[in-house]
Amino acid sequence: MTRWWGALIALAGAVIFAIVATTPPGPMSADAPATAFSASRAMADVRVIGRAPHPTGSAEDAQLRDYLITRLKSMGLEVATATGTMSPQAKNRLDGWRKAVAPAPPLTNIVAILPGRDRRQPAVLLMAHHDSVWGSPAAADDGAGVASVLETIRAIKAGAQPRRDVMVLFTDGEELGLEGAKSFFAGDPRRLHVGVIVNLETRGGGGRATMFETGGDNGAMMDLFGRAVRRPVSTSLSVFIYKKLPNSTDLTVAKQTGYPGFNFAFIGRPGLYHSPLATPDALDQGALQDMGRQTLDLTRALADAPALPGRAADRTFFDAYGLFFVSYPAALGWVFLVIGAVGYGAAAWRRATVDEVAKGAAMLLALIIVAAAGLYIVNGISGAWGKVNYYDRLAAIPLLQVQALLVCLAAFLTIRHWLPSRVGSTAGAAIPLLVLGAIMQAVAPTASYPLAVPLMLGGMALLADRYAGRSVGIAATIVAAVLGVGYMLGFGFFLMQAVGPGMPMVATLPLAISAVLILPLMPEPRRALTVAAALLIVATGLALWILLDPIAPSVAVYSDAKK
């Protein structure tokens, strides 16, 4: 009974930590201190930017450019525009949007400079794009980015003059293929003054704002980021994964020409991506506050640094539930894995049979296989196997997250029915993850922490359970489960937002890690198979609902103009 209570406490604590990790802060009011970022103040700009669609070449975009130029000049910035010519591919896409062949309009970037005390030093560049897709008012993409830049500049201007110049680049034609960024970084002479870039993007309408991309050799840059940014959201795993994806933003162009930088975005409320419903009223002001506050903290630190951080070895880093930042040399992951392995091994020494350990390892592998198969099949039932509308699948992500959670719980209960809660079983279950962690540490050390850190906590807790007494052992196991499972719930939440519609099988990693951490606290649940079957039935019903539901109203207008 004691362990049942421990399991309940651990799960409750884990859920609380996951909620904290995935919930953006509340927006600061318009009467917040002048030197602080206020989403309420920034919303005044969002309401102008997002009042109507404003694709490249449209009258609405011309009006928006005039507004942005006026706003920047009113804050004392030196402002200029730069025109360029779009590529044939960009013109073809624009013609597809407007359903007519017409002359290509010029690209018009806006470049502004807030002078610093020493104008000879390389500048900090804040970058966002002012154009939208054809059918969306784009209050988020990229109204939130543009408004965050304006409010950041206002807050910096309200304080002491920064050491170095802060530049602003509002690019044109990003939605047509990064056209404005290509034009600027290919030939604009002001690009030579740039020392580091902070780019702002979105793929949705809310959620935590994440710093998801940096340049290579980011160790010194991330040290500054960790010191400067309060309640940061960033992981070296996301940086590693983004390098492997075909996605691109304006920062992609800058990185290709050698500029270091940071890329922020939020991807919650995914149905609002490129949506006709992406209006200012639909924008999550907490997400705007989260993006802007982190941008302001980072920009201030960069602008006031005696020298911009140079290249240094990549570090492993992650935010702990969005509360504080953890960063360490990538090689330290080996130490964490060894501590975890020693903990599990010493706890099972002379208390477990080889059969128990082997069964634990086999059942963990079975859990991964069963869960992956279930996620693939149920996701296919929801419509992933046929011809899909990309934006409609994005709109379904909240339901797909619930669907994946139900399948994962069903898989865990099914495997748990056959796996006794013993030290040997738990230690055995950790073995496949320790092996995977070692492989990740060898080939991608900055991406290994989701395995190395929880396994270290779990191994130490299991060791304490054996040698420090029942009460201390249960307490240590509860703490490890709260911290580890709480992180994995938030981790899984973000994974499903990022790639869940097409790759829900990624949820098996946080599931497997959570299972190893919670297993020591869970005696065999009664009617596990019955409950698992019920959960799977509900998940299948949810999948059929997603399949049969009409196309989401958030994408109905824009779907015809999808690239």
Side-chain angles (χ1 to χ4, degrees), residues 21-22 24-25 27 37 39 42 45-46 49 124-130 138-153 155-156 166-171 174 178 181 196-215 218 221-222 224-226 228-243 245 247-255 259-270 272-273 283-303 317-319 322 325 494 497-498:
T22 56
F37 186 96
D45 291 315
V46 172
I49 298 166
V124 181
L125 176 66
L126 299 179
M127 183 163 60
H129 64 91
H130 64 72
D141 180 19
D142 198 18
V146 172
S148 291
V149 170
L150 292 173
E151 174 65 3
T152 294
I153 291 294
I156 291 174
V166 179
M167 294 177 65
V168 172
L169 172 61
F170 291 143
T171 63
E174 192 273 349
L178 317 179
V196 63
I197 300 167
V198 180
N199 186 61
L200 305 181
E201 262 289 0
T202 75
R203 195 213 70 179
R208 291 303 310 264
T210 302
M211 200 291 290
F212 65 96
E213 182 186 17
T214 69
N218 62 27
M221 286 288 185
M222 292 312 302
L224 181 145
F225 178 89
V229 180
R230 298 159 293 163
R231 284 204 68 191
V233 182
S234 183
T235 75
S236 52
L237 176 63
S238 68
V239 172
F240 173 81
I241 291 175
Y242 196 78
K243 289 179 181 178
L245 297 177
N247 307 43
S248 58
T249 68
D250 280 341
L251 185 62
T252 304
V253 178
K255 284 178 61 179
Y259 290 92
F262 303 84
N263 214 351
F264 286 90
F266 51 79
I267 61 174
R269 300 189 182 181
L272 295 178
Y273 181 48
L283 178 65
D284 177 2
Q285 293 190 32
L288 180 62
Q289 180 69 41
D290 203 23
M291 172 181 277
R293 177 189 50 76
Q294 293 185 70
T295 299
L296 176 59
D297 287 348
L298 179 59
T299 303
R300 275 208 177 108
L302 291 168
F317 57 85
F318 59 94
D319 64 277
F325 198 62
F494 286 124
Q497 278 191 338

Colleague: In this structure, which one of D297, L296, L224 forms a side chain to side chain contact (heavy atoms under 4.5 Å, CB included) with V229?
Modeller: D297
Colleague: side-chain contact (heavy atoms from CB on, under 4.5 Å) for F170 and V146? Distances and angles first, verdict last.
Modeller: CA-CA 7 Å; F170 291 143; V146 172; 3.7 Å; yes
Colleague: Do T249 side-chain atoms and L251 backbone N/O form a donor-acceptor pair below 3.5 Å?
Modeller: yes
Colleague: Would you say R231's side chain and G322's backbone share a donor-acceptor pair under 3.5 angstrom?
Modeller: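 Present.
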Colleague: Keeping Q289 on the side-chain end and F37 on the backbone end, is there a donor-acceptor pair under 3.5 Å?
Modeller: yes
Colleague: Evaluate the ring planes of F325 and F317, with Trp represented by its six-membered ring, and classify them as parallel (under 30°), tilted (30 to 60°) or perpendicular (over 60°).
Modeller: tilted
Colleague: For the residue pair L288 and F266, what are the closest heavy atoms and their distance?
Modeller: N-CE2, 4.4 Å
Colleague: Quick one: pull up CD1 in I197 and CG in L125 and give me the separation to the nearest 0.5 Å.
Modeller: 5.5 Å
Colleague: Would you call the rings of F264 and F225 parallel, tilted or perpendicular, where under 30° means parallel and over 60° means perpendicular?
Modeller: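 F264 vs F225 ring planes: tilted.
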Colleague: With heavy-atom distances below 4.5 Å as the criterion, would you say the side chains of Y273 and D141 are in contact?
Modeller: yes
Colleague: In Å, rounded to the nearest 0.5 Å, how long is the span from CD of E201 to CG of D250?
Modeller: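 If we round to the nearest 0.5 Å, E201:CD and D250:CG are 6.5 Å apart.
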Colleague: How far does NZ of K255 sit from NZ of K243, to the nearest 0.5 angstrom?
Modeller: 6.5 Å
Colleague: Find the distance between CD1 (I156) and CG (L126) and round it off to the nearest 0.5 Å.
Modeller: 6.5 Å
Colleague: Distance check, rounded to the nearest 0.5 Å: R203 atom CZ versus L272 atom CG?
Modeller: 11.5 Å
Colleague: Could you tell me whether a side-chain N or O of D290 sits under 3.5 Å from a main-chain N or O of A209, the two making a donor and an acceptor?
Modeller: yes
Colleague: Can you tell me how far apart OG (S236) and CD1 (I241) are? Round to the nearest 0.5 Å.
Modeller: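 One finds 10.0 Å between OG of S236 and CD1 of I241.
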